[in-house]
2 protein chains.
Amino acid sequence: MVTQQRRERERAQREALIVSAARDMAESDGWPSVTIRRLAERIEYSQPVLYSHFAGRGAIIDAVALQGIAELTEVFKAARTAAGPGGALAAVAQAYLDFAAANPAVFEAIFTLADGLPFGVDAPEVLKAAFAELFAVFAPLAGDRDPDAFTETGWAALHGLAALGRGGRLRPDLQEQRLAIFLERFGKA
Amino acid sequence: MVTQQRRERERAQREALIVSAARDMAESDGWPSVTIRRLAERIEYSQPVLYSHFAGRGAIIDAVALQGIAELTEVFKAARTAAGPGGALAAVAQAYLDFAAANPAVFEAIFTLADGLPFGVDAPEVLKAAFAELFAVFAPLAGDRDPDAFTETGWAALHGLAALGRGGRLRPDLQEQRLAIFLERFGKA
DNA sequence: GCCACAATCCTAGCACCGCTAGACATCCGA
DNA sequence: TCGGATGTCTAGCGGTGCTAGGATTGTGGC
């Protein structure tokens, strides 16, 4: 009865431990080094325990991605509300790039590793919330364009800067100028 | 003497065979299924032969990426020269998205798998050529902005559309509108 | 034509991976 | 106290990237 609840609580706790351990390991040594064996050793359980929580390695990565998206949403909201309508775009753009730079492994999990996350109509709530945050920033700037299409295009532009920046595809010394150009092109309605 | 040359020629031929086999397999079954064992079986040699050509699996992916970049450069050039100054941006943008859609595995190799390609000052020639093609398109539209920074920003915006599009992150029915918005925002000088 | 040598290739194996079956221990309700 | 359910672990399967060492082939000198 009551112990049942304790069990579930402990289970949830352990699940969170797995996710945070995976994230830590990925962030410090890269995703390839996050193996089930090492993860099991890290949380001091045997490997099958991990499979009682997640369907497999991919599902663990997905969980990290989902957690990252939730964080990202909070970061967006904080940046947007703190900046006010005028500077919302600049604040959110900076937040996006900062997040990508500070959490490269999570960023990688979200955008290049997570293949188990549904993205269409039946996307998880946390994912829709993240897009809603972006929508709140971009839609007012859409002018006579479709707000959804404009949000997606603006997001893509921002994402491209983050994605290419990670991996040294872009010149670091031009970072500020790129951001300025992005804001100039997407900022005025 | 002369046979030496034949040997080298055959070696180069086999190397090309490896790259094209890897590309084919990746394009039809995804990169994870491109294993050294399967690759060796496909080209009808034993595994160690592959290691006499490439340092490892990663180097083979890099080779496919490099080949893809070279093709991309040609595609850019063709699109740009065929369209003329006025429509160069639209043509190259369409070419970029088309290439990503038609060769998803190569695209993935270039932008998310290839970690062995130097991208800074000592980048391979073929890579600089690809950027030069983009530069030729974007620089005339930079206005009073730095042409390099503008090219990188435009490229990032375009790349974001391709990267997010692959994987179903963007609504397919808004594809045309997104492209229109991109052209509107980066087209006029 | 023969033979020593060098280059080439393959067989076999290592350590590691994701994942799972089946044995073992532990805790619960009656 | 005891049967059963729950939870955990040990051991192992097939597959991976990669490599050492032996067999085989072709080459150039006599």
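Just so it is clear: chains get the letters A, B, ... in the order the sequence lines come, proteins before strands, and each one is counted from 1.
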*Does any non-hydrogen side-chain atom of B/Q67 lie less than 4.5 Å from one of B/V106?*
no
Polar-atom pairs under 3.5 Å, protein N or O versus N or O of nucleotides 24-26 of chain D: list them with distances, or write none.
{"unit_1": "D/dG26", "atom_1": "O3'", "unit_2": "B/R7", "atom_2": "NH2", "d": "3.1"}

*asked:* Please give me every residue in residues 20-41 of chain B whose heavy atoms get under 4.0 Å of an atom in DNA chain C, ordered by residue number.
replied: B/R37
*Going by heavy atoms in the side chains, are A/Y45 and A/L50 under 4.5 Å from each other?*
no
_Separation of D/dG7 C1' from A/E15 CD (nearest whole Å)_ = 16 Å
_Base, sugar-phosphate or nothing for B/R14? Non-hydrogen atoms, less than 4.0 Å._
sugar-phosphate
*Looking only at atom types and distance, does a side-chain atom of A/E152 sit under 3.5 Å from a main-chain N or O of B/R178, one as donor and one as acceptor?*
no
*Just by distance, do the side chain of A/R185 and the backbone of B/R185 share a donor-acceptor pair under 3.5 Å?*
yes
*asked:* Do B/F138 and B/T153 make a side-chain contact, defined as non-hydrogen atoms from C-beta onward lying under 4.5 Å apart?
replied: no
*asked:* For A/S33, is there any backbone N or O sitting under 3.5 Å from a side-chain donor or acceptor partner on A/R38?
replied: yes
*asked:* Main chain of B/A163, side chain of B/R169: is a donor-acceptor contact present, judged purely on distance under 3.5 Å?
replied: no
*Rounded off to whole Å, could you give me the CD-to-C1' distance for the A/E10 and D/dG7 pair?*
12 Å
*Judged by atom type as modelled, is there a donor-acceptor pair below 3.5 Å linking the side chain of A/Q47 to the main-chain atoms of A/A40?*
no
*asked:* With heavy-atom distances below 4.5 Å as the criterion, would you say the side chains of B/F111 and A/L164 are in contact?
replied: yes
*Under a single-linkage definition using a 4.5 Å side-chain heavy-atom cutoff for Ile, Leu, Val, Met, Phe, Trp and Tyr, are A/L183 and A/L174 assigned to the same hydrophobic cluster?*
no
_Side-chain heavy-atom pair A/Y96, A/L161 within 4.5 angstrom cut-off_ = no
*Where along residues 47-54 of chain B does a heavy atom come under 4.0 Å from DNA chain D, residue by residue in number order?*
B/Q47, B/P48, B/Y51
*Minimum-distance nucleotide (side-chain atoms of B/R57 versus D/dC9, C/dC9, D/dG17)*: D/dG17
*Measure from OH on A/Y45 to C1' on D/dT10 and round the result to the nearest Å.*
17 Å
